[in-house]
Amino acid sequence: MKADAKLGGYCVNSHGDKNSDAWGKPAEWVDYVGPIGEKTYGIAILCHPTTFNYPNRWHVRTYGLFAANPFGVYHFTGGDKPTDGVDLAKGKTLNLRYRVLMHRGDTESAGVAEHFEKYKTAEFKAL
């Protein structure tokens, strides 16, 4: 699936940034798509609007790395100092909500954007 294999794989974010252009960009979702055998499959990660630092920035590389990163913003922006950490008071919570969508076909035929539209209105009960 990795884009570097030059077999038709690619990664794309919710704003249409592809491959290396998607790295470090804030986006509602990212989809990694490519051939497996004779068929095309994909793995999308959707970031829920209640997630800390939504929309998250993404570590998505053409060699296969794929992860959301709501914390290390300065790594992506070239800032001079590290991003402040997160201190949680006792009893407080930090929401990190993602949905992983494994699909057949490319981003459009799998309806990744439509899946996100449904997911973003999902409500969650506190544990």
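Counting begins at 1 with the first residue of the sequence. Note that the coordinates shown come from a computational prediction; the quantities given were computed from them, not determined experimentally.
- Side-chain contact between E28 and C47 is absent, with no heavy atoms from C-beta onward closer than 4.5 Å.
- Side-chain polar atoms of T51 and R97 form no donor-acceptor pair below 3.5 angstrom.
- Listed for the N53 side chain is a donor-acceptor partner under 3.5 Å among the backbone atoms of P70.
- A pairwise comparison of heavy atoms in K2 and G64 identifies CB-N, 4.0 Å as the closest pair.
- Put simply, the side chain of I45 reaches to within 4.5 Å of the side chain of W58, judged on heavy atoms.
- With rounding to the nearest 0.5 Å, the separation of CD in E108 from CD in E114 is 9.0 Å.
- Placement of V86 and L96 within a single hydrophobic cluster is found when ILVMFWY residues are connected by side-chain heavy-atom separations under 4.5 Å, directly or transitively.
- Rounded to the nearest 0.5 Å, atoms CD (E117) and OG (S14) are 10.0 Å apart.
- Without hydrogens or angle criteria, Y32 side chain to R61 main chain gives a donor-acceptor distance under 3.5 Å.
- A68 approaches Y98 most closely through the heavy-atom pair CB-CE2, 3.6 Å.
- Residues F66 and H59 keep their aromatic ring centres 6.0 Å or farther apart.
- Under a 3.5 Å cut-off, the side chain of H48 and the backbone N or O of T50 do form a donor-acceptor pair.
- Inter-residue side-chain proximity for V12 and N19 is flagged as unmet; no heavy-atom pair is nearer than 4.5 Å.
- The shortest heavy-atom contact between P35 and G9 is CD-N, 3.8 Å.
- The backbone N or O of F52 sits nowhere less than 3.5 Å from a side-chain atom of N95 that would complete a donor-acceptor pair.
- One finds the CH2 atom of W29 at 15.0 Å from the CZ atom of R99 (value rounded to the nearest 0.5 Å).
- Between the CG atom of D31 and the CD1 atom of I43 there is a distance of 9.0 Å, given to the nearest 0.5 Å.
- How far CG of D106 is from OH of Y41: 13.5 Å, rounded to the nearest 0.5 Å.
- Considering every non-hydrogen atom in both A110 and H103, the closest pair reads CB-ND1, 3.1 Å.
- The two atoms that bring N13 and V30 nearest to each other are CB-CG2, 3.8 Å, heavy atoms only.
- Within the 4.5 Å cutoff, side-chain heavy atoms of T40 are placed close to those of V33.
- Remark: K18 is positioned above the aromatic ring of Y10, its terminal NZ or CZ atom under 6.0 angstrom from the ring centre and at most 45 degrees off the axis.
- Here the CG atom belonging to D4 is positioned 9.0 Å from the OH atom belonging to Y63, to the nearest 0.5 angstrom.
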